Amino acid sequence: SFSSYAVRPDQYGISDSRSGNSITFTLNDNNKGKVIVEFDNDYNKSLFLFADPPKPSVPNGARYIGPGYHKGHIYVGSNETVYLDAGAIVEGDINMHDVSNARVIGRGWYLGSLWVERTSNCEVSGVHGGMLGKWTVNIKDSSYFTINHLKLLYLGNETDGISFNGSGNCTAKNSFIMNYDDVFTSQRPGCKDNLTENIVVWSTGGGNIFGPGGTEDIGGNNVYRNIY
């Protein structure tokens with residue numbers, strides 16, 4: 001049982017009701033579907049709800065990782081789609097290095113970091129990431145990289161969030177970040193024309209929303225909007 005509750009982010013303006021220990025509300029927008037129900041004004045007593053769009057079908061020719069526990073890093077090649085299905089848990093990083101036109105999609109989990117370096121026209125969408133003491137997402141020297149409906153749940157030190165590291169024309173949107181260190185950073189020359197929007201942040205302390213370089217206009221036109 002609980003004495004009080006709050007449905008967050010407050011900015012969503014969600015209309016809710018309570019009957020006994022049941023809470024009822026409706027989510028009408030998948031792009032605003034990352035919701036926290038906080039109980040008794042204690043962020044340690046929180047329920048995370050992720051109302052994503054319907055799970056995509058497995059594309060022809062995709063590398064399929066099905067339900068179950070898997071060990072080993074994921075290395076994604078050019079023109080490859082990796083489908084991480086619901087119920088799959090991969091103990092390892094996702095690595096996208098020196099590739100183009102590559103995707104990781106689905107609803108599964110990886111327990112590690114997302115390392116992106118020297119890529120173009122790549123995407124990670126729909127999956128979940130989590131671990132203790134790991135840098136969450138580092139997008140380095142890349143262009144036209146898209147993050148969409150990514151859910152990141154990390155604890156411990158050095159769990160920096162999404163970093164655009166010398167990258168340009170990249171997008172992070174409609175996602176959720178729980179971490180302990182800096183949430184967003186834009187670093188190094190060439191970091192320009194990036195868009196970060198519709199992100200729900202549940203920071204557990206130890207860092208800033210915008211870390212070192214996060215508010216600097218390093219290359220120009222790095223935009224953050226609708227950060228909740």
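What's counted below: heavy atoms across the whole structure, side chains too, no hydrogens, waters or symmetry copies. Just so it is clear, the model here is predicted, and its values are computed rather than measured.
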Does Lys151, at its NZ atom, have more than 12 non-hydrogen atoms belonging to other residues, nucleotides or ligands within less than 6.0 Å? yes
Distance col, row Leu84:CG vs Ile74:CD1, nearest 0.5 angstrom, shows 5.5 Å
Is it true that the side chains of Tyr224 and Ser186 contain a donor and an acceptor less than 3.5 Å apart? yes
Could you measure the distance from the OG atom of Ser163 to the CG atom of Asn138? Nearest 0.5 Å is fine. 5.0 Å
Return the minimal non-hydrogen interatomic distance between Val201 and Ile227, and the atom names on each side. CG2-CG2, 4.0 Å
Go through the steps to decide whether Glu117 and Ser142 satisfy the test side-chain hydrogen bond (donor to acceptor under 3.5 Å, both in side chains), and finish with yes or no. CA-CA 6 Å; Glu117 189 167 3; Ser142 296; over 6 Å; no
Can you confirm whether Tyr144 is buried at OH, in the sense that more than 12 heavy atoms of other residues, nucleotides or ligands lie under 6.0 Å from that atom? no
So does Glu80 pair up with Arg63, basic N to acidic O under 4.0 Å? yes
For Leu153 and Phe48, the nearest pair of non-hydrogen atoms, with its separation, is CD2-CD1, 3.5 Å
In terms of side-chain heavy atoms, does Tyr64 have a donor or acceptor partner in Asp85 at a distance below 3.5 Å? yes
Is the closest side-chain heavy-atom distance between Trp202 and Arg8 below 4.5 Å? yes
Is there a donor-acceptor pair closer than 3.5 Å between any side-chain N or O of Tyr228 and the backbone N or O of Asp10? no
Determine, for Phe2 and Arg18, whether the Lys NZ or Arg CZ falls below 6.0 Å from the six-membered ring centre while staying within 45 degrees of the axis. yes
Do the side chains of Leu195 and Phe210 join up, straight or via other hydrophobic residues, at under 4.5 Å, putting them in one cluster? no
Close side-chain approach of Val116 and Leu114, heavy atoms under 4.5 Å: yes
Can you check side-chain contact (heavy atoms from CB on, under 4.5 Å) on Ser17 and Ile23, steps first, answer last? CA-CA 6 Å; Ser17 62; Ile23 301 168; over 6 Å; no
For a 4.5 angstrom cut-off between non-hydrogen side-chain atoms, does Phe145 reach Asn169? no
Would Asp141 and Arg188 satisfy side-chain contact (heavy atoms from CB on, under 4.5 Å), going step by step from the backbone distance to the final call? CA-CA 9 Å; Asp141 298 331; Arg188 299 178 52 243; 2.9 Å; yes
From Asn174 CG over to Asn31 CG, what is the distance, rounded to the nearest 0.5 angstrom? 3.5 Å
Spacing of SG belonging to Cys122 relative to CD1 belonging to Ile147, to within rounding of 0.5 Å: 11.5 Å
Dump the intermediate steps for side-chain hydrogen bond (donor to acceptor under 3.5 Å, both in side chains) on Lys34 and His149, then the final yes or no. CA-CA 9 Å; Lys34 314 300 184 286; His149 292 292; 2.8 Å; yes
4.5 Å side-chain heavy-atom contact, Asn222 and Phe184: no
Just do the side-chain contact (heavy atoms from CB on, under 4.5 Å) check on Asn221 and Val223 with the steps written out, would you? CA-CA 6 Å; Asn221 197 35; Val223 176; 3.5 Å; yes
Are the side chains of Thr196 and Ile162 in touch, meaning some heavy atoms are under 4.5 Å apart? no
When rounded to the nearest 0.5 Å, the distance separating CZ of Arg225 from CD1 of Ile199 is 11.5 Å
Just checking, is any N or O donor in the side chain of Tyr5 or Asn41 under 3.5 Å from an acceptor N or O on the other one? no
Answer yes or no: is there a side-chain heavy-atom contact under 4.5 Å between Trp135 and Tyr154? no
Between the side chains of Lys173 and Glu197, is the shortest nitrogen-to-carboxylate-oxygen separation below 4.0 Å, so that they form an ion pair? no
Taking Ser4's backbone N and O only, do any of them form a donor-acceptor pair with Asp40's side chain (distance below 3.5 Å, no angle check)? yes
What closest approach, in Å, do Thr185 and Asp182 show between heavy atoms, and which atom pair accounts for it? CG2-CB, 4.3 Å
Dump the intermediate steps for side-chain contact (heavy atoms from CB on, under 4.5 Å) on Ile89 and Leu111, then the final yes or no. CA-CA 7 Å; Ile89 302 174; Leu111 304 181; 3.8 Å; yes
Rounded distance [0.5 Å steps], SG in Cys191 versus NZ in Lys140: 13.0 Å
For the pair Ser100 and Ser120, evaluate side-chain hydrogen bond (donor to acceptor under 3.5 Å, both in side chains) and give the outcome as yes or no after the intermediate values. CA-CA 5 Å; Ser100 60; Ser120 63; 4.5 Å; no
Pairwise side-chain contact, Phe164 with Gln187, heavy-atom cut-off 4.5 Å (strictly under): no
Taking the six-membered ring for Trp, are His128 and Trp109 parallel (under 30°), tilted (30 to 60°) or perpendicular (over 60°)? parallel
Is the closest side-chain heavy-atom distance between Leu27 and Phe25 below 4.5 Å? yes
